[in-house]
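This is a predicted model, so every value here is computed, not measured. The sequence lines fix the lettering, A, B, ..., with proteins before strands; numbering per chain opens at 1. Reckoned from all heavy atoms, side chains included, excluding hydrogens, waters and symmetry mates.
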2 protein chains.
Amino acid sequence: MQDYIVESVDKAIDLLMAVARKPNIGVTELAKKTGVTKSRAFRLLHTMEQRKIIKRTSESTYGLGEAMLVLGITASTQTDVIRLATPILEELCQRVNETVQLRIVDGLDALCIAKAEPSRDLRVHANVGRRRPLYAGSPKCLLAFQPQEFIDRCVPLKPPALTAHTPKSRAVILEELIKIRRQGYCVSRGEVSDHQVSCAAPVFALDNSVVATIHVVAPAFRIRESELEHIIRIATSAAQRLSRALGWSEEETAV
Amino acid sequence: MQDYIVESVDKAIDLLMAVARKPNIGVTELAKKTGVTKSRAFRLLHTMEQRKIIKRTSESTYGLGEAMLVLGITASTQTDVIRLATPILEELCQRVNETVQLRIVDGLDALCIAKAEPSRDLRVHANVGRRRPLYAGSPKCLLAFQPQEFIDRCVPLKPPALTAHTPKSRAVILEELIKIRRQGYCVSRGEVSDHQVSCAAPVFALDNSVVATIHVVAPAFRIRESELEHIIRIATSAAQRLSRALGWSEEETAV
DNA sequence: CCGCTTGTTTCGTTAAATGAAACGCATAAG
DNA sequence: CTTATGCGTTTCATTTAACGAAACAAGCGG
C-alpha cells in the first residue's frame with residue numbers, strides 16, 4: 001500500500017471505469033484492459049455486482065448497475081455546476097426557443113451533462129450522456145480553454161470530415177481555438193451535422209479554469225446572422241451568470 | 001474473505017453510500033455510521049477521493065465527486081428503464097400537457113429518476129433526484145406493488161399530516177394500497193401538497209414485479225373529473241407500453 | 001472429438017490492509 | 001491563559017484478507 005491508497009479499491013475503480021467505457025464485455029477482457037489477473041478481476045467484479053454497482057447484461061458480460069444510477073442521480077443533486085446550471089439553462093432555452101446543453105470534458109470527449117429543450121415541433125434533439133469529439137463544432141469552445149498540453153493530445157493531425165464544413169487540418173483547428181479564446185465564444189455552422197448551427201460560451205470556476213460550456217443548437221435554416229448574434233449574446237450572458245454563481249468573478253489577471 | 005467478496009471494496013461501497021445519503025460530514029462520523037475504524041475509513045475515503053469518486057466539500061467533509069456524476073450519467077444511458085422511458089415520458093408529457101415523472105423505490109423513498117415538463121408557464125416543477133415518502137400521494141402506487149413485508153416496514157403507524165388530505169392512519173393506507181392493486185393505478189388529490197393532483201401507473205418487468213411508476217402531476221384547479229379520467233387512461237397506457245418495451249407481457253398468472 | 005475459448009473455483013503464500021495508539025491542531029471550556 | 005476534548009492524520013507491528021497460478025467446468029467451432 002503506497003501513500004494511503006487501498007489498492008483493491010483502486011483497482012475496483014479501474015474495472016468500474018472500464019465497464020462504463022465499454023459495457024457488455026466479460027471478465028477476461030476487462031482483466032486485460034485494466035492489467036489485473038483474471039481471478040482478481042473476477043472477485044472485484046463479483047463484489048461490485050453484489051452491491052448492484054454493476055450488473056450482468058448477459059450470463060458473462062457486465063454493465064453499470066442500478067446502484068450506480070442512483071448514486072449518479074444523487075451526485076447530480078449534490079454537484080454545484082448541475083444544480084446551479086439547471087434554472088439558467090431553462091431560462092436560456094425559453095429565451096432562444098432552441099435546445100441548449102451543458103457540456104464538460106471527460107476523457108477526450110465533450111460530455112453532455114444537462115440539457116433543456118423547447119417544446120416546438122422542429123428542434124435539435126439532445127441527450128444527456130452523449131459524447132462528442134472536442135475538436136469539431138461548438139465543443140471546440142470547451143477545448144480552447146484547456147491546457148495546451150491537453151489540446152495537443154486531443155486534436156488529431158487529420159480530423160475525420162463529418163461534413164463539408166468540418167475543419168480539415170490540425171493547423172486550422174489550432175487557429176480557431178485562438179480565435180475562440182480571443183472572442184470568448186464559439187460558433188459552428190454545420191461542422192458536425194449539416195443544416196445545424198450551434199454556438200457555445202465558457203463557464204469559469206473560481207480559479208479561472210473553464211469547467212463547462214453552455215451550448216445552443218438550432219436548425220440552420222431558421223438562424224440568420226442577426227439572430228445568431230442575438231443568441232450568442234444571451235448564451236454568453238447565461239454562461240457568465242453561471243460562472244458567477246460558481247464563485248468566479250471577472251478580472252483581467254495575467255497568468 | 002468470505003464467498004468472493006473483497007471486503008475492503010465492500011466497505012468502500014458502504015462509505016460511498018453513506019456519503020451519498022448524508023453529505024458534508026467527516027471521517028469520524030462516516031466511520032461510526034458504517035461500523036469501521038477511523039483509520040480504515042480515512043484510507044478508503046482517501047482512495048476514492050484521489051479517483052474523484054468523492055470530493056471534499058470543505059476541509060474535513062465529503063460529498064460525491066465528479067467521477068460519480070459521469071459514471072451515473074453513463075449508467076443512465078446504459079439502463080433500459082431510463083433509455084426506453086425517455087421518449088415515452090416525453091410523448092405523454094406532450095399529450096397531457098402536464099409534468100410527468102418516472103419514479104423507482106430506493107431505500108424507503110420514491111426516487112424521481114426521470115421527468116418531462118411542458119413549457120406552459122404554470123406547471124408543477126419536478127426534479128430528478130428528489131425523494132418522496134412512499135406512503136402518501138401517488139408514490140403509493142409504487143409501494144402497492146412491493147412485497148407485503150416491505151410495505152409493513154415502510155408505512156408508519158402515525159403518518160405525518162402533510163396536508164388536510166394526507167391519509168391519517170396506517171390502516172387507511174393499507175386499505176388504499178389494496179384498491180390501487182385492484183384498479184391498477186393511483187390518484188392523489190392534495191395528499192402531499194395542497195392544490196396539487198397527481199396520478200400514477202405501474203411499470204412491470206419480465207417477472208411481473210413493478211420496477212417503476214409513471215406519474216402525472218398537475219395543479220388541482222385545472223383538472224376536472226373528466227380530464228383526470230382522460231389523464232389516467234393515457235398514463236396507464238404509457239406505463240403499459242414501457243412495460244412491454246422492457247419485455248413484460250400481459251398475463252393473468254396467479255402468483 | 002479435440003482444442004481453444006470462456007467463467008469459476010481452489011489453495012498455499014505473502015504483502016497489503018488493518019486496528020490501536022500516538023500526534024498535531026483546532027476550538028471550546030475552565 | 002491553560003486545559004480538555006474533539007477532529008483529521010500518521011505511524012507501525014501484526015495478521016488476515018487478498019492475491020496469483022493453476023486446475024476445473026462448460027461452451028463453441030473446426
Side-chain angles (χ1 to χ4, degrees), chain A residues 1-68 75 78, chain B residues 1-68 75 78:
Chain A
M1 176 171 51
Q2 48 153 330
D3 192 30
Y4 299 94
I5 298 291
V6 178
E7 205 194 283
S8 55
V9 173
D10 204 51
K11 285 280 181 273
I13 296 172
D14 281 339
L15 282 162
L16 182 59
M17 302 277 205
V19 170
R21 188 163 323 126
K22 189 157 189 281
N24 304 312
I25 59 177
V27 176
T28 309
E29 201 172 338
L30 286 166
K32 227 170 269 169
K33 274 185 194 297
T34 52
V36 302
T37 60
K38 202 165 53 153
S39 40
R40 196 181 188 182
F42 175 75
R43 280 183 297 247
L44 294 171
L45 290 168
H46 177 81
T47 304
M48 293 192 284
E49 186 191 352
Q50 293 299 311
R51 299 300 230 97
K52 309 209 182 197
I53 297 289
I54 60 178
K55 66 165 184 243
R56 306 241 171 181
T57 54
S58 80
E59 209 172 303
S60 67
T61 61
Y62 294 91
L64 297 178
E66 194 182 304
M68 202 64 236
Q78 291 182 20
Chain B
M1 177 171 47
Q2 48 153 332
D3 192 31
Y4 300 94
I5 298 291
V6 178
E7 206 195 284
S8 55
V9 173
D10 204 51
K11 286 282 181 269
I13 297 173
D14 281 339
L15 282 162
L16 182 59
M17 303 277 205
V19 170
R21 187 163 322 126
K22 189 157 189 282
N24 305 313
I25 59 178
V27 176
T28 308
E29 201 172 339
L30 285 166
K32 228 170 268 168
K33 274 185 195 296
T34 53
V36 303
T37 59
K38 201 164 53 153
S39 40
R40 195 180 190 184
F42 175 74
R43 280 184 297 249
L44 294 171
L45 290 168
H46 177 82
T47 304
M48 293 191 283
E49 186 191 351
Q50 292 299 311
R51 298 300 231 96
K52 310 210 180 194
I53 297 289
I54 59 176
K55 65 165 184 241
R56 307 240 170 183
T57 55
S58 80
E59 208 172 307
S60 67
T61 61
Y62 294 91
L64 296 178
E66 193 181 306
M68 203 64 234
Q78 291 183 20

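A salt bridge is absent between B:E66 and B:K55: the closest approach of a Lys/Arg side-chain nitrogen to an acidic carboxylate oxygen does not fall below 4.0 angstrom.
Here the shortest heavy-atom pairing between B:M17 and A:A67 reads CE-CB, 4.2 Å.
Proximity of A:Y4 to the phosphate of C:dA17: no side-chain N or O atom is located under 4.0 Å from OP1 or OP2.
Remark: the backbone N or O of B:G26 is not paired with any side-chain donor or acceptor of B:S60 at under 3.5 angstrom. When atom types are taken as modelled, the side chain of B:T47 and the backbone of A:V6 share a donor-acceptor pair closer than 3.5 angstrom. Between the A:Q78 side chain and the B:L64 main chain, a donor and an acceptor come within less than 3.5 Å of each other.
To the nearest 0.5 Å, atoms CG (A:L30) and CD1 (A:I25) are separated by 4.0 Å.
Between its two ends, the helix from C:dG3-D:dC28 to C:dG30-D:dC1 turns its axis by 30°, counting five pairs per end and rounding to 10 degrees.
At whole-Å resolution of the value, CG in B:L44 and C1' in D:dT9 are 15 Å apart. Residue A:E49 contributes atom CD, which lies 12 Å from atom P of C:dG7 at whole-angstrom precision. To the nearest angstrom, C1' of C:dA15 lies 17 Å from CD1 of A:I5. Nucleotide D:dT9 holds its P atom 9 Å from the NE2 atom of B:H46, rounded to whole Å. Atom CZ in B:R56 sits roughly 9 Å away from atom P in D:dG8 (whole-Å rounding). One can place CG of B:L45 at 14 Å from C1' of D:dC7, the figure rounded to the nearest angstrom. Separating the CG atom of A:D3 from the C1' atom of D:dT10 is a distance of 11 Å, rounded to the nearest angstrom. When the P atom of C:dA26 is taken as reference, atom CD of B:E59 falls 8 Å away, rounded to whole Å.
Annotation: proximity of residues 22-42 of chain A to DNA chain D (heavy atom, distance under 4.0 Å) is found for A:T37, A:S39, A:R40, numbered in ascending order.
Mapped onto DNA chain C by nearest heavy atom, A:Y62 and A:S8 fall at different nucleotides, with A:Y62 at the one closer to the 5' end.
Between B:R51 and A:D10 there is a side-chain heavy-atom pair separated by less than 4.5 Å. Between A:K33 and A:K22 the shortest side-chain heavy-atom distance falls below 4.5 Å. The shortest distance between side-chain heavy atoms of A:M68 and A:I54 does not fall below 4.5 Å.
Side-chain atoms of B:S60 lie closest to D:dG8 of the nucleotides D:dA17, C:dG19, D:dG8. For A:E7, the listed nucleotide lying nearest its side chain is C:dA17; candidates were D:dT9, D:dC19, C:dA17.
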